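The model shown is predicted, which means the values in this text are computed figures rather than measured ones. Both counts, for ligands and for their atoms, begin at 1 and track the order of listing.
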Amino acid sequence: MVIVPGPASKSLALKVAEILGDDVLHLNLRDFSDGEWVVQFDVENFERKGAGEEFIIVQTTYPYQDRNLLQLLVMIDTLCDLFGVSPTVVVPYLAFSRQDKRFLPGESITAKTILNLIYDRGAKRLITVDVHNEDIFSYVAIDCVNVTAMKEIGKYLLKIGLKNPIVISPDEGAITHAKAVAEILGCEHDFFKKKRSRVTGEINVEKGDIQVKGRDVVVVDDIISTGGTVVEAVKIVKSLGALKVYAACTHGLLVKDAFERIINAGAEKIFGTDTVQSEISVISVAPVIAETLKK
Ligand code: R5P
């Protein structure tokens with residue numbers, strides 16, 4: 001395999017290549033003053049080992065989503081051109097995956113559009129991490145694999161010495177994530193009920209009757225974007241008498257002041273992975289991606 005590090009996932013791609021001991025095809029991104037750019041693969045220093053060699057592009061699509069997505073499409077297209085092959089694409093954070101259906105009349109199903117663009121450009125397989133809803137894979141005639149970072153998150157949390165912990169997802173959709181983390185920690189898990197207005201984005205998390213008094217709590221979600229969801233969950237568990245509260249997620253988008261808001265709500269720390277590189281990316285998904293590629 002040849003790993004191709006996209007500009008948005010350079011360090012993650014190099015970690016994957018190191019684990020697998022694979023060759024790397026580097027590329028250079030040159031920006032122009034008008035906002036346009038060009039991708040140039042380092043073909044001069046790359047020797048192909050054979051026609052059967054697999055190319056693996058690693059490119060995440062965190063904000064700015066449009067730019068990172070377009071770079072991905074251009075990379076796929078150019079690789080097909082240069083080597084006459086269909087690459088596998090690893091998109092650790094798949095942007096727009098939350099827009100998985102038409103919630104309001106006339107809306108775009110953006111996840112469907114994005115997947116089809118990836119397919120149309122020539123990718124033969126997509127690997128992604130904790131995609132918001134795996135059902136979107138049915139929108140496209142491409143081999144899609146979703147891997148989870150939750151075991152890695154659980155393993156990391158094991159090291160911080162939690163007291164009588166419980167893992168809680170802030171909504172029902174993320175309960176499988178809470179379960180996976182709780183299994184590694186050997187503790188209970190539960191979930192809150194959340195409602196979000198499709199028009200205003202306003203979030204309401206219901207208290208329920210989860211027993212958190214005197215326990216450390218981990219609030220786990222797939223994505224922390226504005227932080228609104230996790231802030232509500234953290235406030236509730238604090239008001240119910242939780243000891244230390246930690247927030248963990250796969251994709252820490254941390255839009256605007258999300259980090260500060262979560263800490264101010266009462267969280268001790270926030271943990272995330274390197275699907276999106278940010279101040280909370282302390283857990284790497286490189287091992288799970290490498291393992292999936294090996295298979
Ligand atoms: C939605 O269902 C997701 O699982 C997350 O809960 C959501 O994307 C988090 O967004 P925010 O941080 O803006 O509340």
Quiz item: Cluster question for you: counting only ILVMFWY and a side-chain heavy-atom cut-off of under 4.5 Å, with indirect links fine, are M1 and V85 together?
Solution: no
Quiz prompt | Under 4.0 Å from ligand 1, counting heavy atoms only: the protein residues, by chain and number | solution = R98, H132, D171, K194, R196, I203, D221, D222, I223, I224, S225, T226, G227, G228, T229
Exercise. Have a look at Y93 and tell me which of I223, D274, D222, V129 forms a side chain to side chain contact (heavy atoms under 4.5 Å, CB included) with it.
Key: I223
Practice problem: Check whether the side chains of T148 and D130 place a donor and an acceptor atom closer than 3.5 Å, and report yes or no. | Solution: yes
Self-check item: Test: K195 and D171 ion pair at under 4.0 Å
Solution: no
Quiz item: When hydrophobic residues are tied together by side-chain contacts of less than 4.5 Å, even through go-betweens, does F96 share a cluster with Y119?
Solution: yes
Quiz prompt | From Q71, Q59, R121, residue fulfilling side chain to side chain contact (heavy atoms under 4.5 Å, CB included) relative to I76 | solution = R121
